[in-house]
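As the structure lists them, so they are numbered: ligands from 1, and atoms in each ligand from 1. This one's a predicted model, so the numbers in the text were calculated from it and none came from an experiment.
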Amino acid sequence: MSYFDELFDLIEKQHEWRSKCINLIASENVTSPAVREAIVSDFSHRYAEGLLGGKTNGFRVFDRFYQGTKYFDRVEALAIKLAEDLFKAEHANVVPISGAMANLTVYSALAKHGDKISGLSVQAGGHISHTHVSCAGVIGLRDVSYVFDNEEMNIDVDGSRKNLVKEKPKIMMLGASLLLFPHPVREMKKIADEIGSTLVYDAAHVLGLFAGGRFQDPLQEGADVVTSSTHKSFPGPQGGLILCRNEFAERVDNAAFPGLTSNHHLHHVAGLVVALAEMQKFSGEYAEQIVKNAKALAQSMHELGFNVLCEKKGFTESHQVVVDVSGVGGGDKVANDCEKANIILNKNLLPWDTLKMTGNPSGIRIGVPEVTHIGMKESEMEEISEFLKRITLDRENPTKVKADVIEFMKDYNKVHYCFESHVGAYEYIRFK
Ligand code: DSN
């Protein structure tokens with residue numbers, strides 16, 4: 001088989017396999033067919049370097065360096081307008097090509113080498129791009145960690161205050177990869193104002209909930225800037241997004257272009273317009289069902305004997321469920337066994353783990369955005385928790401469970417909360 005044939009064979013296998021899997025990765029989703037159509041359009045071949053101009057009738061105008069962008073200019077103007085409307089933001093920028101690039105763009109706009117940035121440690125759920133290991137380190141920011149309350153699974157504001165006042169980080173990050181409950185935006189904004197810091201909320205995980213009026217609205221609660229990816233609980237194409245107050249707009253725009261991105265991904269901006277339009281119509285219903293599903297899954301797993309975190313707080317207010325599986329082999333074993341049964345989820349450090357435990361941490365993180373997007377509700381969450389019990393607690397052979405998972409998935413092959421289409425959620429669309 002040629003490499004060319006092998007590649008297309010792999011793509012087909014991926015589609016077929018994923019149509020038979022329950023995907024519980026909290027940072028993933030499946031887009032609507034309309035988003036997929038936009039992504040494969042001619043915009044994928046083009047450049048649109050240039051500067052954002054002012055607005056005409058509420059829509060952005062652009063000063064491009066190349067010809068050939070007359071239709072794309074309207075596409076990008078639509079993306080910005082829809083994002084500003086949906087998230088009630090004064091300003092949006094859709095240039096960054098990922099969530100981490102959105103963070104890097106904001107860091108380079110608002111801080112300089114040697115400044116400090118505060119955020120959650122990776123064990124407490126902070127994203128690596130908030131730390132010196134990743135984007136913050138790239139531009140020489142030194143990180144300061146918040147104190148984390150393991151019981152509340154949230155930032156300990158009073159415990160963190162003293163160090164923040166002493167260290168005076170230039171940027172204070174909120175938001176995380178492990179995020180069960182709303183972050184204390186109002187309280188942290190008070191500290192940020194006191195020490196002259198800019199409060200940035202990384203909404204990558206919860207953007208879809210934010211769109212639907214669930215979880216929290218970081219901008220209305222006081223964040224100066226929101227960064228995000230566009231493909232987790234928000235079911236758009238892969239990409240990045242920045243929302244901010246007008247006072248930060250020019251610095252953010254210049255850091256995005258010409259600062260850190262030469263050519264943004266025009267096809268993904270087109271896909272983002274589709275997802276924003278879908279979420280303008282469906283996000284309330286979608287976000288509500290995501291949270292109902294996460295709570296139902298957590299409750300059901302708890303009743304079946306799993307050590308689900310935060311029972312006293314109702315387990316979760318987000319799209320995530322976090323389970324301590326240290327008593328049944330650890331996160332790595334459980335995630336691997338689940339994959340053998342066609343259930344895809346990830347191992348996760350818990351706040352009391354050390355970084356040395358990264359290979360086999362105490363936890364697993366479960367997310368329900370994708371299963372909700374393909375139409376599952378509370379009763380399906382009960383069925384999923386039964387599968388997880390059989391694999392993990394009953395130690396049943398995962399290949400036996402896999403047969404039942406494949407049968408179960410036969411009923412979930414369409415994307416919901418989007419404009420009607422005859423194309424299936426995992427269908428492979430052939431061009432050649
Ligand atoms: N890797 C993503 C997550 O799983 O949270 C964040 O970038």
Side-chain angles (χ1 to χ4, degrees), residues 18 21-31 96-107 117 119-138 143 148 153-154 173-183 200-210 215 218 226-242 260 265 268 272 290 294 309 316-323 325 331-332 334-336 338-339 343-351 353 355 357-359 361-373:
R18 284 316 193 97
C21 288
I22 299 171
N23 188 47
L24 298 173
I25 300 281
S27 50
E28 292 182 5
N29 210 323
V30 63
T31 60
I97 57 168
S98 72
M101 283 301 291
N103 282 337
L104 187 54
T105 302
V106 168
Y107 303 161
I117 182 170
L120 282 172
S121 69
V122 170
Q123 299 95 300
H127 191 251
I128 49 166
S129 66
H130 305 178
T131 73
H132 69 277
V133 174
S134 176
C135 304
V138 168
D143 47 295
F148 194 73
M153 280 299 279
N154 213 326
M173 295 300 294
L174 294 177
S177 290
L178 199 70
L179 188 54
L180 294 172
F181 303 104
H183 272 174
V200 180
Y201 187 106
D202 182 339
H205 264 275
V206 291
L207 191 72
L209 305 181
F210 175 14
F215 198 67
V226 165
T227 57
S228 193
S229 54
T230 52
H231 48 267
K232 295 183 171 74
S233 62
F234 184 88
Q238 297 211 342
L241 173 69
I242 301 171
L260 286 161
H265 293 172
H268 284 221
L272 179 61
I290 286 177
L309 265 50
T316 181
E317 290 299 327
S318 76
H319 60 305
Q320 296 183 5
V321 174
V322 183
V323 188
V325 290
D332 190 55
V334 169
N336 273 309
C338 285
E339 185 177 16
I343 297 181
I344 314 293
L345 49 78
N346 64 274
K347 62 185 174 197
N348 220 98
L349 286 167
L350 298 182
D353 286 349
L355 282 178
M357 293 166 70
T358 303
S362 299
I364 52 168
R365 183 188 65 174
I366 300 176
V368 298
E370 181 161 332
V371 290
T372 307
H373 211 197

Q: Between N23 and V371 (side chain of the first, backbone of the second, donor and acceptor by atom type, cut-off under 3.5 Å), is there such a pair?
A: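 Flag not set: sc N23 to bb V371 has no pair under 3.5 Å.
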Q: For D353, give me all partners under salt bridge (Lys or Arg N to Asp or Glu O under 4.0 Å), at least two apart in sequence or on another chain.
A: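 D353 satisfies salt bridge (Lys or Arg N to Asp or Glu O under 4.0 Å) with no residue once adjacent residues are dropped.
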Q: Counting N and O atoms only, with roles assigned by atom type, does the side chain of S229 sit under 3.5 Å from a partner on the main chain of G99, one being a donor and the other an acceptor?
A: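 Side chain of S229 to backbone of G99, a donor-acceptor pair under 3.5 Å: no, none is there.
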Q: Please answer whether the main-chain N or O of I364 pairs with a side-chain N or O of N348 as donor and acceptor at a distance below 3.5 Å.
A: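 It does not hold such a pair.
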Q: Looking at residues at least two apart in the chain, or sitting in another chain, which of them share a side-chain hydrogen bond (donor to acceptor under 3.5 Å, both in side chains) with H130?
A: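 H130 satisfies side-chain hydrogen bond (donor to acceptor under 3.5 Å, both in side chains) with D202 once adjacent residues are dropped.
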Q: Going by the rule side-chain hydrogen bond (donor to acceptor under 3.5 Å, both in side chains), which residues pair with H231 if we only count those two or more places apart in sequence or in a different chain?
A: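 So H231 forms no side-chain hydrogen bond (donor to acceptor under 3.5 Å, both in side chains) with any residue.
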Q: Would you please write out the protein residues whose heavy atoms approach any atom of ligand 1 to under 4.0 angstrom, listed by chain and number?
A: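 Close residues (ligand 1, cut-off 4.0 Å): S27, H127, S177, H205, K232, R365.
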